[in-house]
Amino acid sequence: MSLDAGGEPVVVAAARAVHLRGGPDAHVWARCAGGLEREAATELAALGWRPPPTTTPRPPDQPGGTTAGLEWERGAVYGTVDLATLRMTLRAARTVTRVVLLLGTAEVDEVTEIREAVRSLDWDRLPYATFGVRPERHGEHGFRSPDIGREAGAGIIDAFRERTGQRLPVDLDDPTVEIRAELHDRRLRVGYDLAGRSLHRRTWIRAHHHASLKPTVAAGLVALARWRVDERLLDPLAGGGTIPIEAALAALRRPVGPRVLPRLAPLDLDDTRIAVEVEERLEAARVSVDTGARPLDIRGVEKYGRHVADAQRNLAAADLAGVVRIAGGDATTLDDIEAVDCAIANPPYGMRVASPKVIDPLYRGTIARLAERFTDAGRAVWLTPVHHLVRAAGREAGLEAVAARRVGLGTMDAVAFVLAPPGRVSTFVEVAD
Ligand SMILES: C[S@@+](CC[C@H](N)C(=O)[O-])C[C@H]1O[C@@H](n2cnc3c(N)ncnc32)[C@H](O)[C@@H]1O
């Protein structure tokens, strides 16, 4: 099989290759990094997700929209799937951390309404097992996320006691059943977490870089950059290699999710026929690295030898040694790099390790060297919370920010800039946010 994404961005092409249908429908939502919902929705639609049953009225000041027919709000994409698509999503989706089976929604104004709203949902499939509620809150409210978790947990305990007479045991650290309760403005959604644990935990991670990017965010940046498999991709600040590795795995259409799914999922995701069919489709979609005509050109540069060694360990675990090249070097000189179509960088932020005095020349020098090496298609995605430095560094290098997204990185927000020569690539980015 040859490396041919048909001109599509690689993450989407990888997803489309494994699309399949079958079985009864379920209403679900996926969680992804805030700011990368459009990329997640595009990937999920290519995996076979269809629109959710109803359109959610959303206040105009709340971020959200519809991409590839799927509605999204900050950090969440909503849709309808059949069992095979669901299993395929858990195995193959690169940009999402969770997939949640929707149990019900409610309009909520006061925190005290949550307990009753949750109690009245259909908990018939809930087994006697430890459970925990993971709350999430977006919008203006007079209460905090833990309050949502506490009230929703009380509602579940009420419902279970009414049905069985037993009190369900709570375990917030390592529950057998994870329930998600997410409030976006007034709309509360409650559902079963089908992934069991965050899907960003890839098996290829052997060496943890102290400032590593979540692989799901890396995959989202690859999609945001609209990288195609025939383009030269460079991560000039590669660390443990997350971005180059995720790009290569997508190009080669290798699944990144767990083969064994949690046993207590309320749907029979281990239905043997579906499981076998999904694995067969994944196997058929895989692309050989030995493609001959157009080998992948994915490179990383990293200053410190110990990180280069860690990246090599991760590459070996991902079975990408000899496919992706990560070498020692300085991003502010890029000595061994001649031409770049697409650069994706997750630089130091000047908070934990490098000081602000160090990152200013690092950003300016690296962005200038990239601009000098850009081909006609050249562009860079640059992710950092230190945004004020990036526009200035871009301007100095003759680049402009053609898009900027506020991307959630757990406890902090960063901005992903797409930097490109003025006017040249404005067609590949849909809007400048
Ligand atoms: C935030 S980390 C990247 C982490 C990476 N994305 C991962 O997930 O493992 C930034 C990296 O830039 C490297 N770095 C700092 N200055 C550099 C320079 N001048 N040239 C190359 N790499 C540099 C640091 O050593 C660090 O590994």
Side-chain angles (χ1 to χ4, degrees), residues 33 36 94-95 97 198 200-222 224-225 227 233-250 256 298-318 320 324-337 340 342-370 372-373 380-387 389-390 393 407 409-417:
L36 295 172
R94 297 166 200 283
T95 57
T97 51
S198 177
H200 79 270
R201 299 188 196 188
R202 310 288 208 237
T203 50
W204 60 258
I205 302 176
R206 294 296 153 83
H208 284 272
H209 188 281
H210 63 276
S212 64
L213 197 59
K214 273 189 182 169
T216 41
V217 176
L221 296 182
V222 171
L224 176 65
W227 177 62
L233 178 72
L234 174 70
D235 179 349
L237 300 150
T242 311
I243 295 167
I245 289 173
E246 283 295 315
L249 292 175
V256 289
I298 303 178
R299 299 180 65 171
V301 169
E302 165 57 49
K303 185 171 176 181
Y304 297 102
R306 66 180 188 283
H307 297 325
V308 176
D310 285 348
Q312 302 300 349
R313 282 181 60 203
N314 288 335
L315 281 172
L320 291 171
V324 171
R325 290 172 290 167
I326 297 180
D330 186 344
T332 62
T333 59
L334 289 182
D335 292 326
D336 297 327
I337 306 291
V340 176
C342 181
I344 306 178
N346 163 224
Y349 305 149
M351 294 172 181
R352 269 184 289 187
V353 180
S355 75
K357 270 201 302 236
V358 176
I359 61 163
D360 188 18
L362 175 66
Y363 284 25
R364 286 172 197 274
T366 306
I367 291 172
R369 295 298 86 67
L370 289 173
E372 289 161 9
R373 285 155 181 77
V381 168
W382 191 273
L383 179 75
T384 181
V386 207
H387 10 124
L389 293 182
V390 182
V407 174
L409 299 178
T411 51
M412 72 167 130
D413 275 359
V415 178
F417 291 94

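Atoms within each ligand, like the ligands themselves, are counted from 1 in listed order. The first residue in the sequence is number 1, and the count goes up from there.
- With salt bridges taken as basic N to acidic carboxylate O contacts below 4.0 Å, one links R364 and D360.
- Every atom of ligand 1 with a heavy atom of G240 under 4.0 Å away is listed here by number and element: 7 (C), 9 (O).
- Among I243, I245, T242, the residue whose heavy atom sits closest to atom 8 (O) of ligand 1 is T242.
- Of the inter-residue distances, the one linking L221 atom CG with W227 atom CH2 reads 13.5 Å to the nearest 0.5 angstrom.
- If you look at A311 next to ligand 1, there are no close heavy atoms at all, none under 4.0 Å.
- With a 4.0 Å cut-off on non-hydrogen atoms, A218 does not touch ligand 1 at all.
- D235 places no side-chain N or O within 3.5 Å of a backbone atom of G300 that could act as its donor or acceptor partner.
- By heavy-atom distance, the residue among H307, K303, E302 lying nearest atom 11 (C) of ligand 1 is E302.
- The closest non-hydrogen atom to atom 23 (C) of ligand 1, taken over L237, I205, V301, comes from L237.
- Remark: ligand 1 atoms within the under-4.0 Å shell around heavy atoms of Y304 are 25 (O).
- Ligand-side atoms of ligand 1 in range of A331: 18 (C), 19 (N), 20 (N), 21 (C), range being under 4.0 angstrom from any heavy atom.
- The shortest N or O to N or O distance between T332 and ligand 1 is not under 3.5 Å.
- Less than 4.0 angstrom separates some heavy atom of D330 from each of these atoms of ligand 1: 18 (C), 19 (N), 20 (N).
- Heavy-atom proximity to G329, at under 4.0 Å, picks out these atoms of ligand 1: 20 (N), 21 (C).
- The P347 neighbourhood of ligand 1 comprises atoms 1 (C), with distances under 4.0 Å to a heavy atom of that residue.
- Close contacts between ligand 1 and A211 involve ligand atoms 1 (C), 4 (C) [criterion: under 4.0 Å to a heavy atom].
- Here H209 has side-chain heavy atoms under 4.0 Å from ligand 1, and that is the only part of it that gets that close.
- Short contacts between ligand 1 and L362, defined as distances under 4.0 Å to a heavy atom of the residue, involve ligand atoms 16 (N), 17 (C), 18 (C), 19 (N).
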